[in-house]
J.: 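Provided herewith is a single structure, encoded as structure tokens, for subsequent inquiry.
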Amino acid sequence: MNNQEIARFLTEIADLLDIKGENPFRIRSYRNGARTVNNLAEDLTGMVGEGKNLTEIPGIGGSLAEKIREIVETGKLKFLDDLKKQLPPGLPELLKLQGIGPKKVKLFYEKAGVDSIESLARAAESGKLHGLDRMGEKTEAKILRAIENYRKGAGRFRIDIGFTYAESITNYLNTLTGLKELIPAGSLRRRQETIGDLDILAICHDPAPLMDQFTAYDKAEDILAHGSTKSSLLLKEGLQVDLRAMDSREFGSALLYFTGSKAHNIALRKRAKAMGLKVSEYGIFRADDAIAGKTEEDCYRALGLPWIPPELRENRGEIEAAEKGELPRLVDLKDIRGDCHMHTTASDGKNSIEDMARAARELGYQYIAITEHSQAVRIAGGLNDKELIRHLHRIEEADRKVEGIRILRGVEVDIRGDGTLDLKDETLKECDVVIAAIHSRFNLPEKEMTKRIIRGIKNRQVNILAHPTGRLILEREPYRVDLKEVIKVAAGEGVIMEINANPRRLDLNDIHSRMAKDMGAKLIINSDAHSIDQLRLMKYGIFTARRGWLEQKDVINTYPLKKLLAILKRT
DNA sequence: GCCGTTTTCGGCCCGACTGTTTTCAGTCG
């Protein structure tokens with residue numbers, strides 16, 4: 001039972017209590033609990049097993065702790081089962097429809113017998129809904145559109161896709177005059193690995209023409225709202241875009257508000273309240289006097305805090321750290337001095353060694369490592385022992401040929417099903433950088449997978465564990481592995497944990513990167529580039545590292561070459 | 001249901017938009 005599965009139990013309870021019309025604060029506790037559990041680095045199943053006191057986790061009290069223990073120990077929860085018996089199973093799904101909340105679900109169920117999306121659609125089509133409390137024809141039409149949009153199955157988008165949409169929509173709006181600034185905020189500004197919607201903040205005096213231009217966007221499928229300072233669109237691809245116009249006097253508080261996260265903002269507002277202040281997107285107020293709002297720095301200062309980088313704003317301890325002056329100095333793209341994971345035409349890459357080296361030199365790097373696949377990854381043109389030795393010579397030649405950058409001899413060797421490596425130790429000894437990784441047999445049981453990886457990295461030739469969980473964002477779940485055990489071994493043995501910067505992977509993720517740091521492991525951010533263009537994916541790895549609270553010293557490819565080589569050497 | 005630098009009881013973030021209303025409830029972020 002992993003934390004995400006446990007969180008789903010709590011969310012389900014919250015949804016059902018919501019529809020029943022229970023105390024909203026009680027419901028909020030379950031939702032907060034679910035969010036906390038989702039964000040937790042440590043595995044709850046393990047914590048329960050070790051008899052740890054779960055109520056020490058903020059937001060988890062006695063009642064939630066007891067329920068979590070029951071879920072972990074029995075795989076189910078009587079409280080939830082009882083709750084489910086009281087309502088039809090199709091009701092919670094209705095909450096996912098845009099514009100439908102618990103009150104409407106309750107109303108439709110009790111007064112119109114609606115118990116699923118299908119029956120809601122039938123009721124709306126046949127006009128059974130208007131006539132109910134505060135229900136008219138427009139609402140009926142809106143519900144049908146919401147169902148249609150939901151069935152198209154929008155969902156979340158990878159951050160790199162989010163940037164593309166943000167760029168095209170800001171380009172479109174930027175043609176307007178009188179617009180001072182246009183800033184994508186929200187989860188994109190926090191550099192979350194996926195985004196659920198796009199929040200754009202506009203600074204201007206006269207918002208009306210902007211709202212009109214925005215809602216006329218030709219890539220929009222549906223206009224969800226068109227107000228005087230705020231409008232929302234649904235793009236054809238299913239992404240929702242919110243635009244909010246504010247005045248420049250409110251720039252800081254508005255940006256703070258629209259960057260989120262919601263949990264961070266709520267925590268700030270609580271803090272403000274305790275100080276006798278009030279926070280909104282319009283500023284920070286003492287009684288009716290605005291005491292801050294022009295910049296984010298002002299706003300944080302008014303709350304007695306230093307500015308907090310957007311990547312940290314998740315209410316994962318950043319406010320407490322800020323208060324104590326213990327915020328990390330986050331690693332930055334310009335700290336990066338090299339890239340130690342990339343492929344060339346020798347396996348499944350698109351460019352030559354020399355091309356990759358020159359492109360990396362353009363980025364200002366001092367070194368790279370060329371790391372082809374090993375033979376087990378046949379589909380990617382993996383090399384066997386003999387081929388790799390020959391290839392290492394070619395790397396040496398390229399290193400002599402290309403001035404101004406050091407090209408290290410590397411390999412990405414497969415960890416086989418039994419935990420042995422796919423190439424001989426004496427071959428690996430010839431490399432400067434040995435990356436170990438898994439590319440097959442993803443569905444081993446957790447214990448076996450953990451043992452396999454640990455055996456792999458215990459091989460003294462291995463320097464780096466690449467994409468340690470094997471996930472592909474929105475495509476493939478991580479494999480089942482006890483990451484804590486793996487990191488413990490890596491930290492003890494001096495094996496470096498990779499943050500794979502490809503936006504499809506981002507593996508390790510933010511939470512696990514922070515866990516690795518806290519457990520004393522070193523990390524490296526690699527592009528895993530398969531072409532010269534992909535070297536630029538490094539920035540996504542930086543985003544993840546920053547969200548994981550990493551500083552320059554935690555990331556070894558910020559080190560000069562000599563120091564890097566010293567760290568890679570396992571004695 | 002959670003929580004405590006006024007609190008172990010009594011609070012719990014704040015405001016825009018919509019659609020239905022004659023002053024506001026519901027939803028969303």
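Every heavy atom of this structure was used, including side-chain atoms; hydrogens, water molecules and symmetry mates were not. Reminder, nothing fancy here: chain letters follow the sequence lines and each chain counts from 1.
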J.: If we ignore hydrogens and angles and just use 3.5 Å, is the side chain of A/Glu12 paired with the main-chain N or O of A/Phe9 as donor and acceptor?
T.: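 Side chain of A/Glu12 to backbone of A/Phe9: no pair is present.
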
J.: Please answer whether the main-chain N or O of A/Arg505 pairs with a side-chain N or O of A/Arg471 as donor and acceptor at a distance below 3.5 Å.
T.: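 At least one qualifying donor-acceptor pair exists.
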
J.: Under the side-chain hydrogen bond (donor to acceptor under 3.5 Å, both in side chains) rule, collect the residues that match up with A/Lys52, sequence neighbours excluded.
T.: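 So A/Lys52 forms a side-chain hydrogen bond (donor to acceptor under 3.5 Å, both in side chains) with A/Glu42, A/Glu50.
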
J.: Is there a side-chain polar atom (N or O) of A/Ser232 under 4.0 Å from OP1 or OP2 of B/dC28?
T.: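 No.
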
J.: Under the rule for side-chain hydrogen bond (donor to acceptor under 3.5 Å, both in side chains), what residues qualify as partners of A/Asp18, not counting sequence neighbours?
T.: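 A/Asp18 satisfies side-chain hydrogen bond (donor to acceptor under 3.5 Å, both in side chains) with A/Arg31 only.
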
J.: Please write out the pairs of protein N or O atoms and N or O atoms of nucleotides 3-7 of chain B separated by less than 3.5 Å, giving the distance to one decimal.
T.:
residue : atom : partner : partner atom : Å
B/dC3   : OP1  : A/Gly59 : N            : 2.6

J.: Take atom CD of A/Gln98 and atom C1' of B/dC17, then tell me their distance rounded to the nearest Å.
T.: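 It works out to 12 Å between those atoms.
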
J.: Quick check: do A/Leu44 and A/Met47 have side-chain heavy atoms less than 4.5 Å from each other?
T.: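 Heavy-atom side-chain distance check passes, below 4.5 Å.
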
J.: Can you list, by residue number, the residues of residues 39-48 of chain A that have a non-hydrogen atom closer than 4.0 angstrom to DNA chain B?
T.: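 Contacts with DNA chain B under 4.0 Å: none.
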
J.: For nucleotides 9-15 of chain B, give me one character per nucleotide, 5' to 3': B if any protein heavy atom sits under 4.0 Å from the base, S if the only such contacts are to the sugar-phosphate, - if neither.
T.: ---BBBS

J.: May I ask you to check whether over 12 heavy atoms, not counting those of A/Arg476, lie within 6.0 Å of atom CZ?
T.: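 More than 12 within 6.0 Å, yes.
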
J.: When the P atoms of B/dG15 and B/dG10 are compared, how many Å lie between them, rounded to an integer?
T.: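 Those two atoms are separated by 26 Å.
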
J.: Which whole-number value in Å describes the distance from A/Leu132 CG to B/dT21 C1'?
T.: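 Rounded to whole Å, this separation is 16 Å.
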
J.: Starting at atom CG of A/Leu107, determine the distance to atom C1' of B/dT20, rounded to an integer number of angstrom.
T.: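 Rounded to whole Å, this separation is 13 Å.
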
J.: In whole angstrom, give me the gap between the P atoms of B/dT21 and B/dA25.
T.: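 Their P atoms lie roughly 14 Å apart.
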
J.: Is A/Arg316 paired with A/Asp510 through a side-chain N to carboxylate O contact shorter than 4.0 Å?
T.: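 Yes.
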
J.: Just checking, any donor-acceptor pair under 3.5 angstrom between side chains of A/Gln192 and A/Glu311?
T.: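 No pair is found: no donor N or O on one side chain lies under 3.5 Å from an acceptor on the other.
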
J.: Would you measure the distance from the C1' atom in B/dC13 across to the matching atom in B/dG19 and give it in whole Å?
T.: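 Per the computed distance, 25 Å lies between those C1' atoms.
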
J.: Between B/dT20 and B/dG26, how far is it from one C1' atom to the other, in whole Å?
T.: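 Approximately 11 Å lies between the C1' atom of B/dT20 and that of B/dG26.
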
J.: For A/Arg514 and A/Trp549, work out which heavy atoms get closest and say how close.
T.: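 What the structure gives for the nearest pair is NH1-NE1, 3.1 Å.
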
J.: Describe the nucleic acid contact of A/Ile100 in one word from base, sugar-phosphate, nothing, applying a heavy-atom distance below 4.0 Å.
T.: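 It contacts sugar-phosphate atoms only.
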
J.: Between atom CG in A/Leu129 and atom C1' in B/dG19, what is the gap in whole Å?
T.: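 Between C1' of B/dG19 and CG of A/Leu129: 14 Å.
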
J.: Identify, with sequence neighbours excluded, every residue that meets side chain to side chain contact (heavy atoms under 4.5 Å, CB included) alongside A/Lys96.
T.: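 So A/Lys96 forms a side chain to side chain contact (heavy atoms under 4.5 Å, CB included) with A/Tyr150.
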
J.: Just the rounded figure in Å: distance from C1' of B/dT27 to CG of A/Asp197.
T.: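 To the nearest whole Å, that distance equals 15 Å.
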
J.: Tell me whether A/Arg189 is salt-bridged to A/Glu296, with the criterion being a basic N under 4.0 Å from an acidic carboxylate O.
T.: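 A salt bridge links A/Arg189 with A/Glu296.
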
J.: Near A/Glu5 CD, under 6.0 Å, is it more than 12 heavy atoms from other residues, nucleotides or ligands?
T.: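 Buried by this count: over 12 neighbours within 6.0 Å.
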
J.: Do NZ/NE/NH1/NH2 and the carboxylate oxygens of A/Glu73 and A/Arg69 come within less than 4.0 Å?
T.: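 Judged by the 4.0 Å cut-off on N to carboxylate O distance, A/Glu73 and A/Arg69 do form a salt bridge.
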
J.: Quick one: list whatever passes salt bridge (charged side-chain N to carboxylate O under 4.0 Å, His left out) with A/Glu140, sequence neighbours left out.
T.: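 Per chain and number, A/Glu140 pairs via salt bridge (charged side-chain N to carboxylate O under 4.0 Å, His left out) with no residue.
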
J.: For the pair made of CG in A/Leu201 and C1' in B/dA16, what is the distance, rounded to whole Å?
T.: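 The distance from CG of A/Leu201 to C1' of B/dA16 comes to 14 Å, rounded to the nearest Å.
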
J.: For A/Lys104, is there an ion pair with A/Glu110 - N to carboxylate O distance below 4.0 angstrom?
T.: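 Between A/Lys104 and A/Glu110 there is no salt bridge, as every charged N stays at least 4.0 Å from the carboxylate O atoms.
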
J.: Which protein N or O atoms sit under 3.5 Å from an N or O of nucleotides 23-26 of chain B?
T.:
residue : atom : partner  : partner atom : Å
B/dC24  : O2   : A/Arg134 : NH2          : 2.9

J.: Tell me whether A/Lys488 is salt-bridged to A/Glu485, with the criterion being a basic N under 4.0 Å from an acidic carboxylate O.
T.: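 Salt bridge present between A/Lys488 and A/Glu485.
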
J.: Where does B/dT7 land, syn or anti, given syn is within 90° of 0?
T.: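 Judged by the O4'-C1' to base torsion, B/dT7 sits in syn, the angle falling within 90° of 0.
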
J.: Kindly state which residues belonging to residues 109-125 of chain A come within less than 4.0 angstrom of DNA chain B, counting heavy atoms of the residue only, listed by number.
T.: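 Of all residues in residues 109-125 of chain A, none places a heavy atom under 4.0 Å from DNA chain B.
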
J.: Partner of B/dT8 by Watson-Crick or G-U wobble geometry, both contacts under 3.5 Å, or none?
T.: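 When the pairing criteria are applied, nothing turns out to pair with B/dT8, so the answer is none.
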
J.: B/dA16 C1' sits how many Å from A/Leu243 CG, rounded?
T.: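 From A/Leu243 CG to B/dA16 C1': 13 Å.
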
J.: Check every strand shown and say whether A/Ser228 touches a base, only sugar-phosphate, or nothing at a heavy-atom separation below 4.0 Å.
T.: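 The residue A/Ser228 makes sugar-phosphate contact but no base contact.
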
J.: Given the C1' atoms of B/dT7 and B/dC12, what is the spacing between them in whole Å?
T.: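 Result for the C1' pair: 13 Å, nearest Å.
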
J.: Rounded to whole angstrom, note down the C1' distance from B/dG1 over to B/dT5.
T.: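 To the nearest whole Å, 24 Å.
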
J.: Have a look at A/Gln240 and say if it touches a base, only the backbone sugar-phosphate, or nothing, with a 4.0 Å heavy-atom cut-off.
T.: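 Sugar-phosphate contact only - A/Gln240 comes under 4.0 Å of backbone atoms but never of a base.
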
J.: Listed by chain and number, what are the side-chain hydrogen bond (donor to acceptor under 3.5 Å, both in side chains) partners of A/Tyr217, not counting sequence neighbours?
T.: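 Residues passing side-chain hydrogen bond (donor to acceptor under 3.5 Å, both in side chains) with A/Tyr217: none at all.
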
J.: Indicate, with a heavy-atom threshold strictly under 4.0 Å, whether A/Glu137 touches base, sugar-phosphate, or nothing.
T.: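 Sugar-phosphate, no base atom in range.
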
J.: Let me know which of A/Asp82, A/Thr74, A/Asp81 forms a side-chain hydrogen bond (donor to acceptor under 3.5 Å, both in side chains) with A/Lys78.
T.: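 Among A/Asp82, A/Thr74, A/Asp81, the one meeting side-chain hydrogen bond (donor to acceptor under 3.5 Å, both in side chains) with A/Lys78 is A/Asp82.
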
J.: Can you tell me if the side-chain N/O atoms of A/Ser29 get under 4.0 Å from OP1 or OP2 in B/dC2?
T.: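 Negative; the distance criterion is not met.
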
J.: What integer distance in Å separates A/Tyr30:OH from B/dC2:P?
T.: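 For the pair A/Tyr30 OH and B/dC2 P, the rounded distance is 7 Å.
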
J.: Using 4.0 Å as the upper bound for N to carboxylate O, is an ion pair formed by A/Asp482 and A/Lys484?
T.: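 Between A/Asp482 and A/Lys484 there is no salt bridge, as every charged N stays at least 4.0 Å from the carboxylate O atoms.
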
J.: Just to be sure I understand the geometry, which residues of residues 66-97 of chain A put a non-hydrogen atom under 4.0 Å away from DNA chain B?
T.: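 Correct list: A/Lys67, A/Leu97.
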
J.: Listed by chain and number, what are the side-chain hydrogen bond (donor to acceptor under 3.5 Å, both in side chains) partners of A/Arg134, not counting sequence neighbours?
T.: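 Partners of A/Arg134 under the side-chain hydrogen bond (donor to acceptor under 3.5 Å, both in side chains) test: none.
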
